[in-house]
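None of the values given here were measured: they were computed from a predicted structure. Just so it is clear, the values below take in all heavy atoms, side chains as well, and ignore hydrogens, waters and symmetry mates.
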Amino acid sequence: MPTQEPAQQPVTELDARYSSALSPRPGAEEVVATDWAEARRELGAAEIFWLSTVRPDGRLHVTPVIAAWHEGVLYFSTGPAEQKAKNLAHHGHCALTTGTNSLAEGLDLVIEGTAERVADPAALEEVIIAYEGKYGAHITSPEGTFHGMSDAFRKGDVAVFAVAPSTAYGFGRDDGVFTHTRWSF
């Protein structure tokens, strides 16, 4: 299971076909790719992600999850009997997306990779710390929506998965200036 930020930065490319570079608007004449550091900050701050998996019969399954970005890996969990866990047991390739619902502002992100089950107790403790640091009282308070999640991780009552990006995409919007960035790892 990968647990460290890559030693070197991913290859970053601006796709001019889907960016303001081909159809510049005022302020977009010199549009550039989104920096990976900005994408990492957004991944760390995002509260909700959409997980896309593939059912054994080939149909897609998309569902919201909470996730924590920690040392270059995106972590999420699910009950072992849930559809997403069944799908990942059959085929680990998946995508996690997050972003905004604004047409003019924000950065939408897509992380593609292979989900690997996390079972190592030391790694689970790191994931728990990342979740508790990010979601705070939602996990740590008895009134929290996800209270008890940390103990469920420790007991193995939920499946914890790690997704190290193989490819990531960023779709930026800044008042009519659009960027389509691809990061290859």
Side-chain angles (χ1 to χ4, degrees), residues 1-6 10 34-53 60-89 92 94-166 168-174 183 185:
M1 174 189 69
T3 59
Q4 298 290 325
E5 285 281 347
T34 302
D35 188 65
W36 178 240
E38 180 181 348
R40 285 193 330 257
R41 281 190 299 277
E42 293 291 329
L43 289 169
E47 293 182 346
I48 298 293
F49 292 80
W50 290 89
L51 173 66
S52 300
T53 59
L60 292 175
H61 180 259
V62 181
T63 187
V65 296
I66 62 172
W69 178 258
H70 178 65
E71 294 186 350
V73 178
L74 198 52
Y75 293 91
F76 68 93
S77 65
T78 184
E82 291 186 35
Q83 187 64 52
K84 53 190 164 286
K86 293 175 186 177
N87 296 348
L88 292 170
C94 64
L96 288 128
T97 60
T98 192
T100 64
N101 286 323
S102 170
L103 183 60
E105 300 294 329
L107 177 64
D108 296 331
L109 295 165
V110 178
I111 301 295
E112 295 179 347
T114 301
E116 296 180 22
R117 182 96 183 249
V118 180
D120 175 63
L124 286 171
E125 288 301 319
E126 286 190 34
V127 175
I128 289 167
I129 290 168
Y131 264 78
E132 289 177 348
K134 180 174 185 175
Y135 293 101
H138 292 290
I139 292 176
T140 59
S141 168
E143 294 81 29
T145 305
F146 301 103
H147 180 68
M149 180 179 263
S150 301
D151 288 335
F153 282 11
R154 289 182 186 103
K155 293 178 193 173
D157 293 342
V158 297
V160 178
F161 290 93
V163 178
S166 56
Y169 299 93
F171 303 92
R173 295 170 309 288
D174 183 13
W183 299 279
F185 296 83

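When side chains are defined from C-beta on, Thr34 counts as touching Trp183, because their heavy atoms get closer than 4.5 Å. Side chains of Lys84 and Val65 form a contact here, defined as non-hydrogen atoms less than 4.5 Å apart. For the pair Ile139/Ser150, a side-chain contact is recorded, criterion being any heavy-atom separation below 4.5 Å from C-beta on.
In this structure Asp35 satisfies the salt bridge (charged side-chain N to carboxylate O under 4.0 Å, His left out) test with no other residue, sequence neighbours excluded. Qualifying salt bridge (charged side-chain N to carboxylate O under 4.0 Å, His left out) partners for Glu105, counting only residues two or more places apart in sequence or in other chains: none. Checked against ring-ring contact (aromatic ring centres under 6.0 Å, His included), Phe49 has no partners two or more places apart in sequence or in another chain. With sequence neighbours excluded, the residues satisfying salt bridge (charged side-chain N to carboxylate O under 4.0 Å, His left out) with Asp151 are Arg154.
Considering OG1 of Thr140 and CD1 of Ile128, their distance stands at 12.5 Å, rounded to 0.5 Å. Summarising the geometry, atom CD1 belonging to Ile48 is positioned 8.0 Å from atom OG1 belonging to Thr98; distances are rounded to the nearest 0.5 Å. Note that CG of Leu124 is 9.0 Å distant from OH of Tyr75, once rounded to the nearest 0.5 Å. With rounding to the nearest 0.5 Å, the separation of CG in Leu109 from CZ in Arg40 is 12.0 Å. The CZ atom of Phe146 lies 14.0 Å from the CD atom of Glu132; values are rounded to the nearest 0.5 Å. Note that OG of Ser77 is 11.5 Å distant from CG of Asp157, once rounded to the nearest 0.5 Å.
Remark: the backbone N or O of Ala67 is paired with a side-chain donor or acceptor of Tyr135 at under 3.5 angstrom.
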For this session: Test Ser166 against Thr114 for side chain to side chain contact (heavy atoms under 4.5 Å, CB included), laying out the working first.
Result: CA-CA 8 Å; Ser166 56; Thr114 301; over 6 Å; no

For this session: Verify side chain to side chain contact (heavy atoms under 4.5 Å, CB included) between Arg173 and Asp108, making sure each step is shown before the conclusion.
Result: CA-CA 9 Å; Arg173 295 170 309 288; Asp108 296 331; 3.0 Å; yes

For this session: Go through the steps to decide whether Ile66 and Met149 satisfy the test side chain to side chain contact (heavy atoms under 4.5 Å, CB included), and finish with yes or no.
Result: CA-CA 11 Å; Ile66 62 172; Met149 180 179 263; 4.0 Å; yes

For this session: Dump the intermediate steps for side chain to side chain contact (heavy atoms under 4.5 Å, CB included) on Leu51 and Cys94, then the final yes or no.
Result: CA-CA 7 Å; Leu51 173 66; Cys94 64; 4.0 Å; yes

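A pairwise comparison of heavy atoms in Ala115 and Leu88 identifies CB-CD2, 3.8 Å as the closest pair. Taking each heavy atom of Lys86 and Ala81 in turn, the nearest pair found is CE-O, 3.1 Å. Taking each heavy atom of Gly79 and Ala85 in turn, the nearest pair found is O-CB, 3.4 Å.
More than 12 heavy atoms of other residues, nucleotides or ligands sit less than 6.0 Å from atom NE2 of His61.
Each of Val110, Thr100, Thr97, Leu107 was scored for a side-chain contact (heavy atoms from CB on, under 4.5 Å) with Phe171, with one residue passing: Val110.
Sorted by first then second residue, the side chain to side chain donor-acceptor pair (under 3.5 Å) pairs that include residues 41-50, not counting sequence neighbours, number zero. Among pairs with a residue in residues 134-146, none fulfils salt bridge (charged side-chain N to carboxylate O under 4.0 Å, His left out), at least two apart in sequence or across chains.
Ring to ring, Phe153 and Tyr131 are close: their centroids are under 6.0 angstrom apart.
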